[in-house]
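To keep things clear, I will list the structure first and then write my remarks on it.
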Amino acid sequence: MHFTQASINALDTRTRAHFINSLSGFKSANLIGTQDQQGNTNLAIVSSVVHLGANPPLVAMIMRPHTVPRHTFENIKQTGVYTINQVNQSIFKQAHQTSARYDKHESEFEHTGLTTEYLSGFTAPFVKESRLKYSVKLAEHQHLAINGTELLIGEIIDVYVDDNAVAEDGFIDLQALETVAITGLDSYHSTHKLARLPYAK
């Protein structure tokens, strides 16, 4: 099949969204935990979290255009902190449900049955059921004029991970944590490691 720019643009909005979202392949599935200054908690599934650097430890994510209320984005801008909680096989259906539209004062934690957890005095909530989670402090925000999306860059503060998942060299075995991946907008996948290769020279 050959899709030209014209034929892609001719697709209906939902079909084009599925198609273009699938092109980038497997993506990480993460729940972003936030809380506003009034104590209202929010939880949102995001597939755009990417590693940005190890020294200092940074992660980036893209938030959709702020043309409608985006509670996660608003909370992060207001408080400057958030948590990133990897989705595993036990909670992927609940994680997906967080993409439904809820009012600002309705907590996705309560609607999905996931549990808020507060660790080390960090004010943003973690997902207790997540087996790899970390606290993040907003370091930089850029509005991308090309399509109206928001780029958020965060500095990793604390990491919490199952004891048996971290190798001596620092490698985290995501398969041992039953971490899931996302393709497109709504397809969830388990993983199977092929091999861990030696450093290429």
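All of these numbers come straight from a predicted model, not from anything done at the bench.
Panel note: side chain Asn88, backbone Glu129; a donor-acceptor pair is recorded below 3.5 Å. Of the possible donor and acceptor atoms, one in the side chain of Gln94 sits under 3.5 Å from a partner among the backbone N and O of Thr112. When atom types are taken as modelled, the side chain of Asp103 and the backbone of Glu106 share no donor-acceptor pair closer than 3.5 angstrom. Looking at Ser28, its side chain never comes within 3.5 Å of a backbone N or O of Ser47 through a donor-acceptor pair. In this structure, the side chain of Arg16 engages the main chain of Asn9 through a donor-acceptor pair within 3.5 Å. Put simply, the side chain of Asp162 never gets that close to the backbone of Ala165: no donor and acceptor are under 3.5 Å apart. Proximity of a side-chain donor or acceptor of Arg64 to a complementary backbone N or O of Thr149 within less than 3.5 Å is not detected. Distance alone, capped at 3.5 Å, places no donor-acceptor pair between the Asn85 side chain and the Ser130 backbone. Side-chain N or O atoms of Glu110 include none that pairs as donor or acceptor with a backbone N or O of Ser107 at under 3.5 Å. Glu155 places no side-chain N or O within 3.5 Å of a backbone atom of Pro56 that could act as its donor or acceptor partner.
Under the 3.5 Å distance criterion, with hydrogens and angles disregarded, a donor-acceptor pair is assigned to the side chains of Thr179 and Gln86. Side chains of Gln97 and Tyr102: a donor-acceptor N/O pair is present below 3.5 angstrom, by distance only. One side chain, Asn42 or Glu108, offers a donor N or O that lies under 3.5 Å from an acceptor on the other.
The environment of Lys93 atom NZ is sparse: at most 12 non-hydrogen atoms of other residues, nucleotides or ligands sit within 6.0 angstrom. The neighbour count for Lys128 NZ, taken as heavy atoms of other residues, nucleotides or ligands under 6.0 Å away, does not exceed 12. For Gln38, the CD atom counts as densely surrounded, since its 6.0 Å shell holds more than 12 non-hydrogen atoms of other residues, nucleotides or ligands.
Between Ala124 and Gly33, the closest heavy-atom pair is CB-O, 3.8 Å. For the residue pair Arg131 and Leu177, the shortest heavy atom distance occurs at NH1-O, 3.4 Å. What you find for Ile20 and Ile8 is that their closest heavy atoms are CD1-CG2, 4.1 Å. Listed here is the closest heavy atom pair of Phe26 and Thr183: CD2-CG2, 3.4 Å. Of all heavy-atom pairs spanning His51 and Ala54, the tightest one is CE1-N, 3.6 Å. The two residues Leu185 and His96 come nearest to each other via the heavy atoms O-CE1, 4.2 Å.
The aromatic ring centroids of Phe92 and His189 lie 6.0 Å or more from each other.
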| said: Please evaluate residues Thr79 and Ile76 with respect to the criterion side chain to side chain contact (heavy atoms under 4.5 Å, CB included), reporting the C-alpha separation (whole Å), side-chain torsions for both, the decisive distance (0.1 Å), and the verdict. | reply: CA-CA 5 Å; Thr79 65; Ile76 292 172; 5.5 Å; no
Candidate pair Ile62 and Leu144, rule side chain to side chain contact (heavy atoms under 4.5 Å, CB included), full reasoning = CA-CA 10 Å; Ile62 296 290; Leu144 303 184; 4.0 Å; yes
Take Glu150 and His141 through the test side chain to side chain contact (heavy atoms under 4.5 Å, CB included) and record every step on the way to the result. CA-CA 7 Å; Glu150 310 289 344; His141 163 231; 2.6 Å; yes
**Report entry** Working for side chain to side chain contact (heavy atoms under 4.5 Å, CB included), residues Ile45 and Ile182
**Finding:** CA-CA 11 Å; Ile45 190 163; Ile182 296 179; 4.0 Å; yes
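Cluster membership for Val49 and Leu151, using ILVMFWY side-chain heavy atoms within less than 4.5 angstrom, is not shared. By the criterion of side-chain heavy atoms lying less than 4.5 angstrom apart, applied directly or through intervening Ile, Leu, Val, Met, Phe, Trp or Tyr residues, Leu174 is grouped together with Ile156 in one hydrophobic cluster. The same ILVMFWY cluster, assembled from side-chain heavy atoms under 4.5 Å apart, contains both Met1 and Leu23. A continuous path of ILVMFWY side-chain contacts below 4.5 Å connects Ile84 to Leu152, so both sit in one hydrophobic cluster. The hydrophobic cluster containing Ile32 also contains Val159, counting ILVMFWY residues as joined when their side-chain heavy atoms lie under 4.5 angstrom apart, directly or transitively.
Remark: Ile157 CD1 to Lys137 NZ distance equals 6.5 Å, nearest 0.5 Å. Residue Lys27 holds its NZ atom at 4.5 Å from CG of Asn21, rounded to the nearest 0.5 Å. In this structure, CG in Leu11 is found 6.5 Å from CZ in Phe3, a value given to the nearest 0.5 Å. Note: Thr98 OG1 to Leu114 CG = 8.0 Å, rounded to the nearest 0.5 Å.
The side-chain heavy atoms of Val46 and Leu31, taken from C-beta on, include no pair separated by under 4.5 Å. At least one side-chain heavy atom of Ile172 sits less than 4.5 Å from a side-chain heavy atom of Leu132. Taking the side chain as every heavy atom from C-beta outward, Tyr134 and Val59 approach each other to under 4.5 Å. Using a 4.5 Å heavy-atom cutoff, the side chains of Ser190 and Gln89 are in contact. Taking 4.5 Å as the limit, every side-chain heavy atom of Val127 sits out of range of all side-chain heavy atoms of Thr115. Contact check for Tyr82 versus Asn75: no side-chain heavy atoms found under the 4.5 Å cut-off. Side-chain contact between Met61 and Ile153 is absent, with no heavy-atom pair separated by less than 4.5 Å. Using a 4.5 Å heavy-atom cutoff, the side chains of Gln175 and His192 are in contact.
In summary, Lys133 and Glu117 engage in a salt bridge, as defined by a charged side-chain N under 4.0 Å from a carboxylate O.
Residues satisfying the side chain to side chain donor-acceptor pair (under 3.5 Å) criterion with Arg196, sequence neighbours excluded, are Asp169.
Val81 shares a hydrophobic cluster with Leu119, Phe122, Phe126, Tyr160; the chain of contacts runs through ILVMFWY side chains whose heavy atoms sit under 4.5 Å apart.
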